[in-house]
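Just so we're on the same page: letters track the sequence lines, and every chain starts at 1. Since the structure is predicted, the reported quantities are computational estimates derived from the model, not experimental observations.
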There are 4 protein chains.
Amino acid sequence: MTQPSRASIGAKRNPATETAVLAAAQDILAEGGIQALTMEAVAKRARASKATLYRWWPSRARLLLAVYSASKDSLPTPDTGSLHGDLVAYVGAMLRHWSEMPEGRVLRHLIAEAQSEPAVMEALKAQRAARWHHIRQLLDRAAARGELAPGLDVAACETRIAALAWFWLLTDTIPTPADLPTEIDQLLAPVLAPAG
Amino acid sequence: MTQPSRASIGAKRNPATETAVLAAAQDILAEGGIQALTMEAVAKRARASKATLYRWWPSRARLLLAVYSASKDSLPTPDTGSLHGDLVAYVGAMLRHWSEMPEGRVLRHLIAEAQSEPAVMEALKAQRAARWHHIRQLLDRAAARGELAPGLDVAACETRIAALAWFWLLTDTIPTPADLPTEIDQLLAPVLAPAG
Amino acid sequence: MTQPSRASIGAKRNPATETAVLAAAQDILAEGGIQALTMEAVAKRARASKATLYRWWPSRARLLLAVYSASKDSLPTPDTGSLHGDLVAYVGAMLRHWSEMPEGRVLRHLIAEAQSEPAVMEALKAQRAARWHHIRQLLDRAAARGELAPGLDVAACETRIAALAWFWLLTDTIPTPADLPTEIDQLLAPVLAPAG
Amino acid sequence: MTQPSRASIGAKRNPATETAVLAAAQDILAEGGIQALTMEAVAKRARASKATLYRWWPSRARLLLAVYSASKDSLPTPDTGSLHGDLVAYVGAMLRHWSEMPEGRVLRHLIAEAQSEPAVMEALKAQRAARWHHIRQLLDRAAARGELAPGLDVAACETRIAALAWFWLLTDTIPTPADLPTEIDQLLAPVLAPAG
DNA sequence: AACTAATCGAGACGGTACGTCTAGTCTTTCG
DNA sequence: CGAAAGACTAGACGTACCGTCTCGATTAGTT
């Protein structure tokens with residue numbers, strides 16, 4: 001057989017199709033960036049039909065989301081003994097991931113497309129919850145060590161870190177690995193002078 | 001003449017055209033949202049030709065940016081006597097602006113389109129610099145009052161606030177006016193326990 | 001069971017399927033016209049699978065043909081005593097059939113689709129032979145009565161009548177019952193002046 | 001210039017576009033037959049955009065019609081001295097045209113598509129009126145010669161001839177040039193025996 | 001009683017064309 | 001000479017059918 005045809009396997013979803021489509025999408029992303037990732041191009045590359053694409057990923061945004069979700073994030077959460085060190089390690093790995101892989105661009109577009117598609121917004125939120133969970137672990141470890149200020153709202157603190165990372169991503173101002181420790185320093189530093 | 005035709009005024013730019021185009025764009029935004037704002041629609045509504053549009057705003061993103069920039073920001077910077085009070089007032093006004101006007105949506109899309117168009121990214125940065133300047137004023141006033149922790153990096157602190165606001169905007173989690181004081185509280189609270 | 005599923009009845013054709021398919025096709029024709037009659041729609045309506053459809057009616061045209069053939073033609077061939085009267089009665093009944101039932105539209109499309117599918121062309125010819133046979137009977141009766149011109153080619157004459165009927169059908173100029181006698185008159189009238 | 005781009009020539013229809021589209025359509029017809037003539041293929045071949053195609057030819061049928069109309073019919077109407085001879089010459093030329101050029105197939109499909117599109121039906125009728133006009137001339141000449149039967153309805157007679165030609169076309173039974181004189185003979189022969 | 005063979009409903013699949021939409025470019029004509 | 005008008009290329013969009021396929025269930029004959 002000259003063409004490795006991937007026909008129907010009966011009245012049920014062919015997992016090979018999903019694999020092929022996501023792989024094609026990732027390849028296109030890596031080669032031509034996000035604006036090259038059209039449904040048409042993915043279909044062609046994956047040797048899938050547009051009908052199949054739209055059956056399982058009803059919009060471009062949903063496909064983008066699937067691609068983003070499929071990107072495994074094996075980010076480390078090493079125990080360096082201090083919150084500062086842990087954050088430098090973890091956030092640094094994440095920023096590197098965003099900078100060097102297409103995932104950063106995808107995320108940025110997902111954020112935009114989430115506006116028009118509530119489903120994407122929802123999915124993005126779920127994604128975020130799963131992914132930022134690691135930060136909570138770092139904070140919990142710091143609390144166990146007695147590093148945290150008494151009465152600190154851990155959730156708000158988590159948001160503070162996430163927000164900064166997003167801001168860096170979205171404004172194209174991701175700090176270099178060398179600068180990151182200073183940035184984390186500033187993030188953890190108190191704003192107000194101690195009362196009294 | 002039944003139609004107030006806006007012909008050429010000679011060999012120079014007609015300022016009425018710019019006004020008409022921006023007004024048309026804003027109307028369309030208000031009526032049909034961001035995806036209704038096509039170059040074609042704006043040209044038609046403004047009774048301008050597409051050529052004229054493209055002469056002055058070379059891409060859709062640039063037009064969006066112009067619309068966003070044209071939105072007057074008469075945000076107040078009242079002196080409430082404390083950084084906390086000032087931030088609640090100022091950030092609250094900004095969030096209300098984002099929530100209730102089309103500007104919020106426009107900004108979100110601009111962020112996305114800035115990726116593909118460096119010019120937009122640049123312009124967005126300039127915009128940000130001009131707008132967030134007010135926060136710097138609040139921080140400076142607080143410093144004069146002796147509120148701030150010694151050695152605080154004011155720029156980093158400003159970023160911290162801006163980042164949080166963007167995050168709220170982009171994740172559709174803008175806090176209600178009632179919740180805002182608590183959020184600002186958390187933002188200003190120290191993370192780490194005082195070294196002792 | 002709420003749905004009276006029409007499963008296989010073993011290693012032979014299930015006659016209920018044919019019935020259901022043809023009924024569904026006729027219903028769709030009546031409701032949505034000829035362009036609504038897609039294989040997909042018929043399969044869905046008949047609760048038959050597309051595979052089953054294609055097994056027995058290998059193309060849309062063949063299905064159309066089956067629908068057309070299934071329409072009983074109980075056209076009368078009364079003996080009115082003259083060829084003119086017989087033709088008015090018979091052709092009139094046929095034209096009424098074409099005008100008032102979906103069959104007229106089906107036939108028109110069959111004619112078109114016959115071009116691409118020789119099988120349909122063939123089947124249509126057979127159909128025609130069977131159906132126009134009645135005209136031959138009328139002509140034979142007329143011959144027995146001595147009505148016909150000596151040396152007349154009956155087959156050519158039959159074609160002449162059929163051609164005119166098709167032409168009326170295809171150009172949407174089917175004469176009204178009131179006009180038909182005149183038309184038949186014209187059809188039978190000699191073109192050339194008698195020689196000599 | 002490597003690409004002979006055919007841009008707009010201002011706010012009016014570019015005749016080069018129409019030419020290119022019709023030429024492309026004719027080429028496709030000649031090469032791949034009628035089912036190869038898709039709007040997509042024509043657009044691609046003519047280097048025209050689909051938008052332009054649909055602007056001027058709102059449907060495939062309209063495009064087909066334009067192609068058919070564009071085919072000049074320089075059919076001769078020689079004066080052979082008898083109606084029979086004239087018809088053999090004229091109808092023979094027309095049948096040859098239908099047999100040897102793609103026009104025959106196009107006409108067959110136009111007839112079919114005219115059913116769904118009244119506009120095409122109308123246009124086809126106009127086309128027919130213009131084209132069959134020649135037959136009227138032949139009949140008029142015959143009348144002047146005193147060939148025709150007194151009281152003959154010339155319009156009905158014309159229809160009779162046209163109907164037969166269409167029938168031959170549509171049933172794939174176009175007579176050979178050798179057989180045509182006999183067929184015309186039959187067409188002109190009286191059906192009924194002379195009264196008396 | 002097990003096995004074979006064919007039928008059936010279901011629906012996924014690769015394709016292809018549809019008709020619509022938007023972006024951005026271009027030329028003519030008018031004032 | 002600028003502006004309006006609008007035709008033009010390019011190509012993505014999402015939809016609809018096409019005709020083929022595999023699955024799993026079903027049942028009539030055969031062994």
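Heavy atoms of A:Ser59 sit nowhere under 4.0 angstrom from any nucleic acid atom. Residue D:Ala48 is classed as a sugar-phosphate contact, given heavy-atom separations below 4.0 Å to backbone atoms only. As judged by a 4.0 angstrom heavy-atom cut-off over every strand, C:Ala51 is placed among the base-contacting residues. Among the protein residues, D:Thr52 comes within range of the nucleic acid bases, having at least one heavy atom under 4.0 Å from a base atom.
Nearest-nucleotide assignment on DNA chain E puts the 5′-proximal partner with A:Ile9, out of A:Ile9 and D:Ile9. Both B:Glu40 and C:Thr38 lie near DNA chain F, and the one whose nearest nucleotide falls closer to the 5' end is B:Glu40. Judged by closest nucleotide on DNA chain E, C:Ala46 is the one of B:Ala41 and C:Ala46 placed further toward the 5' end.
At least one side-chain heavy atom of D:Leu63 sits less than 4.5 Å from a side-chain heavy atom of D:Val21. Within the 4.5 Å cutoff, side-chain heavy atoms of A:Arg13 are placed close to those of A:Trp56. Looking at heavy atoms from C-beta onward, A:Leu170 lies in side-chain contact with B:Leu170 at the 4.5 angstrom threshold.
Atom-to-atom, CH2 of B:Trp57 to C1' of E:dT25 comes out at 18 Å; the value is rounded to the nearest Å. Nucleotide F:dC18 holds its P atom 7 Å from the CZ atom of C:Arg60, rounded to whole Å. Look at CE on A:Met39: it is 15 Å from P on F:dA16, rounded to the nearest Å. One interatomic measurement links the two molecules: CG of A:Leu53 to P of E:dT16, which rounds to 16 Å at whole-angstrom precision. A straight line from OH of D:Tyr54 to C1' of F:dA10 spans 16 Å, rounded to a whole angstrom. Protein atom CD of A:Glu18 is 15 Å distant from nucleotide atom C1' of E:dC13, rounded to whole Å. One can place NZ of A:Lys44 at 12 Å from C1' of E:dT16, the figure rounded to the nearest angstrom. Going from atom CG of A:Leu63 over to atom P of F:dC13 covers 10 Å, rounded to whole Å.
Between E:dA10 and C:Arg47, a contact under 4.0 Å exists linking OP1 or OP2 to a side-chain N or O. Taking only side-chain nitrogens and oxygens, C:Trp56 never comes nearer than 4.0 Å to OP1 or OP2 of E:dT7. The side chain of C:Arg6 places no N or O atom within less than 4.0 Å of a non-bridging phosphate oxygen (OP1 or OP2) of F:dT26. One finds no side-chain N or O of B:Ser49 lying less than 4.0 angstrom from the OP1 or OP2 phosphate oxygen of F:dA3. Between F:dA7 and D:Arg55, a contact under 4.0 Å exists linking OP1 or OP2 to a side-chain N or O. For A:Ser8 and F:dT22, the shortest distance from a side-chain N or O to OP1 or OP2 is not below 4.0 Å.
Closest to the side chain of A:Lys12, from the set F:dA28, F:dG24, E:dT20, is F:dG24.
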Run the numbers on C:Gln26 and C:Val42 for side-chain contact (heavy atoms from CB on, under 4.5 Å), then give the verdict.
-> CA-CA 9 Å; C:Gln26 273 164 337; C:Val42 173; over 6 Å; no
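Under 3.5 Å, the side chain of B:Lys50 and the base of E:dG24 form at least one donor-acceptor pair of N or O atoms.
A donor-acceptor pair under 3.5 Å is formed between the side chain of A:Arg6 and the backbone N or O of A:Arg47. Judged by distance alone, the side chain of C:Arg60 and the main-chain N or O of C:Leu37 form a donor-acceptor pair under 3.5 Å.
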